[in-house]
Amino acid sequence: MTVSKPGSYCHQPVLTQQVLAGFAAMPQPEHLLDCTIGGAGHSCLLLAAHPHGHLTGLDQDPGACQAAAMALAPFEGRWHINNCNFANYLPPPQRNFSGILADLGLSSPQLEQAERGFSIRHAGPVDMRMNPGGGETAGQLLQRLSEAELAALIRSYGEDRRARSIARRLVARRPFASTTDLAAAVAGAYPPRQRHGRIHPATRSFQALRMAVNRELEALATLLERGPEWLLPGGIFAVISFHSLEDRMVKRAFLNDHRLERLTRKPLTADPEEVAWNPRSRSAKLRLARRV
Ligand SMILES: C[S@@+](CC[C@H](N)C(=O)[O-])C[C@H]1O[C@@H](n2cnc3c(N)ncnc32)[C@H](O)[C@@H]1O
């Protein structure tokens, strides 16, 4: 399903069949929490599949909340959106959810709109905040970190073996006027023959900076700790991750948390057909657990 509407918010939700199957049997009353509503692709499918269900959607990006509200218009009276970070969310008293979904990372519009500062190919400010209303930008982070701190960040979050030479170049060349300048500086740390592959050499460094700017692993840790408390007995907890560190955190939480029963020993992944028409799904991993 393509979510597309005026305002050009267009995001293909991943692993939709697996998500629908995961939430097929939920305790009553059916009230879902979509922690990362984005363009509401998953939310629309879930509301359509559960005609008596209700949904609360969260997103820290106000633009995503607006896009989600437009997409959800046909389901009038059955949803509510809260513009917040899921790590700061407090459900209303007495509210227990029958299912929680978190589809982590960025939406396609965030990635593609140059002014958001996530794009390697389109020049924009070095920003990378999912919530443009506050917090340190990637440009400010790049100014503040020492070379050793930057190398550690690119190595751990970006899993890039050239982290040290990339950090050395970035510290020598900062500040950066645009994302494309930053991407070119990272690419310069690679030998010329490795600069023009299918995947841009700055992809991993951009990912690392984005994860740090948005404190993504910290937010996920908070959600994994609090989420089970928000579920009804038998309620479903589903997390889609795109990074090995995130997947490891979800795997451990679903295995070790005494409040949860793991439903997927191995993560569910996209089949070749989905990868062919939605390349973003290539690295998506879905894990499911049930509140005991
Ligand atoms: C992959 S997109 C979700 C797409 C959505 N499932 C759909 O079908 O359209 C991830 C969304 O989560 C939001 N997001 C990421 N981390 C968040 C957090 N900690 N709190 C709230 N929203 C977050 C992003 O702003 C983005 O809109």
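When reading the values below, keep in mind they use all heavy atoms of this one structure, side chains included, and skip hydrogens, waters and symmetry mates. Heads up: numbering here begins at 1 and tracks the sequence.
Of the possible polar contacts, none joining the R262 side chain to the A289 backbone as a donor-acceptor pair under 3.5 Å is found. Not a single donor-acceptor pair under 3.5 Å links the side chain of H50 to the backbone N or O of H52. A donor-acceptor pair under 3.5 Å is formed between the side chain of E274 and the backbone N or O of L15. Side-chain atoms of R291 do not come within 3.5 Å of backbone N or O of P233 as any donor-acceptor pair. Side chain of T203 to backbone of I199: no donor-acceptor contact under 3.5 angstrom is found. One N or O on the side chain of R226 and one on the backbone of A87 form a donor-acceptor pair closer than 3.5 Å. Side chain of R259 to backbone of E225: a donor-acceptor contact under 3.5 angstrom is found. Not a single donor-acceptor pair under 3.5 Å links the side chain of Q66 to the backbone N or O of G63.
A cation-pi arrangement, defined by a distance under 6.0 Å to the six-membered ring centre and an angle within 45 degrees of its axis, is absent between R210 and F118.
Counted by atom type alone, H243 and Q207 present one or more donor-acceptor pairs between their side chains at under 3.5 Å. For the residue pair S98 / Q28, no side-chain donor-acceptor distance below 3.5 Å is found, with atom types taken as modelled. Counted by atom type alone, D127 and T137 present zero donor-acceptor pairs between their side chains at under 3.5 Å. A side-chain N or O of T56 and one of H31 form a donor-acceptor pair less than 3.5 Å apart.
Note: E216 CD to S241 OG = 11.5 Å, rounded to the nearest 0.5 Å. If you take CD on Q140 and CG on L145, they are separated by 11.5 Å, rounding to the nearest 0.5 Å. Rounding to the nearest 0.5 Å places CZ of R265 at 10.0 Å from CZ of R287. Between the CZ atom in R129 and the CG atom in D61 there is a gap of 11.0 Å [rounded to 0.5 Å]. Here the CZ-CG distance, from F23 to L45, works out to 12.0 Å after rounding to the nearest 0.5 Å. The OG atom of S119 sits 7.5 Å away from the CZ atom of F206 when rounded to the nearest 0.5 Å.
With a 4.5 Å cut-off on side-chain heavy atoms, P132 and P62 count as touching. Counting only heavy atoms from C-beta outward, the side chains of F97 and L232 never approach each other to under 4.5 Å. Between L46 and D34 there is no side-chain heavy-atom pair separated by less than 4.5 Å. Using a 4.5 Å cut-off on side-chain heavy atoms (C-beta onward), I240 and L104 make no contact. Side-chain contact between L72 and I37: present, with at least one pair of heavy atoms (C-beta onward) separated by less than 4.5 Å. Here the side chains of V275 and T269 are not in contact, with every heavy-atom distance at 4.5 Å or above. Looking at heavy atoms from C-beta onward, L170 lies in side-chain contact with L142 at the 4.5 angstrom threshold. The side-chain heavy atoms of H122 and S178, taken from C-beta on, include no pair separated by under 4.5 Å.
The cluster map of Ile, Leu, Val, Met, Phe, Trp and Tyr, joined by side-chain heavy atoms under 4.5 Å apart, puts M128 and M130 in the same cluster. Hydrophobic clustering of Ile, Leu, Val, Met, Phe, Trp and Tyr side chains at less than 4.5 Å, counting indirect connections, keeps L33 apart from L286. When hydrophobic clusters are built by joining Ile, Leu, Val, Met, Phe, Trp and Tyr residues whose side-chain heavy atoms come closer than 4.5 Å, directly or via intermediates, L55 is not grouped with V239. The hydrophobic clustering, which links ILVMFWY residues whose side-chain heavy atoms are closer than 4.5 Å, places Y157 and L106 together.
The aromatic rings of F254 and F237 lie tilted to each other, with the angle between the two planes from 30° to 60°.
In R169, the CZ atom is crowded: over 12 heavy atoms of neighbouring residues, nucleotides or ligands sit closer than 6.0 Å. Open room surrounds CD on E76; 12 or fewer heavy atoms of other groups in view lie less than 6.0 Å from it.
Of all heavy-atom pairs between G117 and T179, the closest is O-CG2, 3.4 Å. Closest approach of D59 and C65 over heavy atoms only: O-SG, 3.4 Å. Taking every heavy atom of both residues into account, A69 and I81 meet most closely at N-CD1, 3.6 Å.
Under the salt bridge (charged side-chain N to carboxylate O under 4.0 Å, His left out) criterion, E136 pairs with R144, not counting sequence neighbours.
A side-chain hydrogen bond (donor to acceptor under 3.5 Å, both in side chains) check over residues 77-92, counting only residues at least two apart or in different chains, returns the pairs Q60-N85.
The side chain to side chain contact (heavy atoms under 4.5 Å, CB included) test with L209 singles out one residue from I154, L182, N214, V186, and that residue is L182.
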